[in-house]
Amino acid sequence: MHEHDMDGWRHSHDFGGHSGRAETSTRRVIALTAVMMVIEIVAGTASGSMALLADGWHMATHVAAFGITLFAYRYARIHATNPRYSYGTGKVGVLGGFASAVALAMVALMMALESGMRLIEPQAIHYSQAIGVAVAGLVVNLVCGAMLHDHHHDHDRAEDHDHDHDHGHHDHNLRAAYFHVLADALTSLFAIVALLAGKYVGWTWLDPVVGIIGALVIARWAWGLLRDSGHILLDATAGEGTQAAITRAIESDADNRIADLHVWPLGPRHYAASLSVVTHDPRPPEHYKALLREIPLLAHVVVEVNRCCDVGSASEGVAKPPLCH
């Protein structure tokens with residue numbers, strides 16, 4: 001048999017789950033965010049507003065996260081068919097999300113410490129200048145959110161039809177970009193409220209308090225992404241719903257029993273499964289793979305078939321054979 005005759009039997013290992021639209025939208029968002037980030041950090045430093053400065057650093061975390069996102073999209077796309085990666089590049093974006101989350105956690109800590117120092121030693125704030133920049137930052141956040149909104153929800157609607165609901169099977173890059181922009185819009189809104197309260201009511205203490213709130217928003221987002229991306233990077237077992245669906249599909253056919261089952265993520269929306277089937281009447285592996293076609297999460301399945309060594313057969317009334325030793 002010639003090498004080219006094997007092409008029809010080979011599996012696709014492109015489990016990245018990314019799209020050109022998501023990559024293009026992210027590139028546009030990062031450009032707008034980078035410009036506004038510089039404006040807010042400079043204005044926050046000049047005006048003495050910790051709330052505005054915190055929002056600027058929050059935007060800086062966006063720029064870093066989006067930069068990793070773009071790199072992950074490009075790397076996964078270029079190396080999608082590289083044979084050096086046994087299961088493709090589906091985890092590149094997840095790894096990028098994990099790295100971004102670690103960086104965000106460090107930024108949140110620094111923001112909280114700086115805000116605490118401002119509470120102890122208040123500084124003068126040029127409110128009018130800071131309010132104008134904060135409003136501009138909020139507008140940019142809303143524009144960026146609108147740019148990512150349609151693609152994010154199209155993506156989620158497709159997943160609702162294709163995957164079980166035990167886990168959030170999302171493009172972590174796109175999910176991070178969308179919700180991080182929304183979080184930043186909320187932080188900008190907090191900054192505006194704090195600056196208005198300081199200017200017209202005299203609540204100068206509210207500015208550093210909002211800086212702490214901004215740090216907590218970033219920390220919460222970082223923790224969520226660390227948890228979700230870590231689940232995939234560590235090859236954590238799929239949820240009970242997916243495992244139960246696999247077991248039900250196999251054991252409802254003939255007298256099959258599953259002796260061993262491993263299901264782990266290959267990327268944000270794909271699973272691999274390795275299962276050992278024990279039966280009195282063995283069939284080819286393709287038969288058992290066909291039983292799992294209604295479980296779209298499964299992108300790569302390996303089946304080991306074992307004949308049960310006990311005496312008897314399904315035709316003699318043995319509904320479920322005991323496992324062989």
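Contact check for I258 versus E251: side-chain heavy atoms found under the 4.5 Å cut-off. Side-chain contact between F98 and L226 is present, with heavy atoms from C-beta onward closer than 4.5 Å. Side-chain contact between K91 and D235 is present, with heavy atoms from C-beta onward closer than 4.5 Å. Considering only heavy atoms from C-beta on, V201 stays 4.5 Å or farther from L206 through its side chain. Looking only at side-chain heavy atoms (C-beta outward), D228 and I232 stay at 4.5 Å or farther from each other.
Under the rule for a side-chain hydrogen bond (donor to acceptor under 3.5 Å, both in side chains), T45 has no partner lying at least two apart in sequence or in another chain. Residues that satisfy the ring pair (Phe, Tyr, Trp, His ring centres under 6.0 Å) test with W223, not counting sequence neighbours, are absent from this structure. Scored by the ring pair (Phe, Tyr, Trp, His ring centres under 6.0 Å) test, W264 finds no partners at all (sequence neighbours excluded). Residues forming a ring pair (Phe, Tyr, Trp, His ring centres under 6.0 Å) with Y75 (at least two apart in sequence, or on another chain): F71, H79. The side-chain hydrogen bond (donor to acceptor under 3.5 Å, both in side chains) search around D260 returns H262, not counting sequence neighbours.
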Mind running side chain to side chain contact (heavy atoms under 4.5 Å, CB included) on V140 and V35 for me, showing each step along the way? CA-CA 10 Å; V140 169; V35 172; over 6 Å; no
Take I246 and Q243 through the side chain to side chain contact (heavy atoms under 4.5 Å, CB included) test and state the conclusion after the steps. CA-CA 5 Å; I246 294 173; Q243 296 186 71; 5.7 Å; no
Between V133 and M36, is a side chain to side chain contact (heavy atoms under 4.5 Å, CB included) present by the stated rule, with each step listed? CA-CA 9 Å; V133 176; M36 198 63 227; 4.0 Å; yes
Under the side chain to side chain contact (heavy atoms under 4.5 Å, CB included) rule, what do V303 and V277 come out as? Steps first, then yes or no, please. CA-CA 7 Å; V303 181; V277 179; 4.1 Å; yes
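With Y288 contributing its side chain and I250 its backbone, the two residues share no donor-acceptor pair below 3.5 Å.
H287 NE2 to N256 CG: the interatomic distance, rounded to the nearest 0.5 Å, is 6.0 Å. For the atom pair T279 OG1 and D253 CG, the distance stands at 8.0 Å (nearest 0.5 Å). From S252, atom OG reaches atom CG of L291 across 7.0 Å, with rounding to the nearest 0.5 Å. Summarising the geometry, atom CG belonging to L195 is positioned 5.5 Å from atom CD1 belonging to I131; distances are rounded to the nearest 0.5 Å. One finds the CG atom of L298 at 6.0 Å from the CG atom of L292 (value rounded to the nearest 0.5 Å). Note: L275 CG to L261 CG = 6.0 Å, rounded to the nearest 0.5 Å.
Hydrophobic clustering, with ILVMFWY side chains joined whenever heavy atoms are under 4.5 angstrom apart, keeps V193 apart from L142. When the side chains of ILVMFWY residues are joined at heavy-atom separations under 4.5 Å, either directly or via intervening members, V305 and V302 end up in two distinct hydrophobic clusters. Residues V42 and M110 fall within the same hydrophobic cluster, defined by Ile, Leu, Val, Met, Phe, Trp and Tyr side chains chained together at heavy-atom separations under 4.5 Å.
By the 4.5 Å side-chain criterion applied to Ile, Leu, Val, Met, Phe, Trp and Tyr, L109 is assigned to a cluster that also includes L113.
When the shell of 6.0 Å around CH2 of W205 is examined, it contains more than 12 heavy atoms from other residues, nucleotides or ligands.
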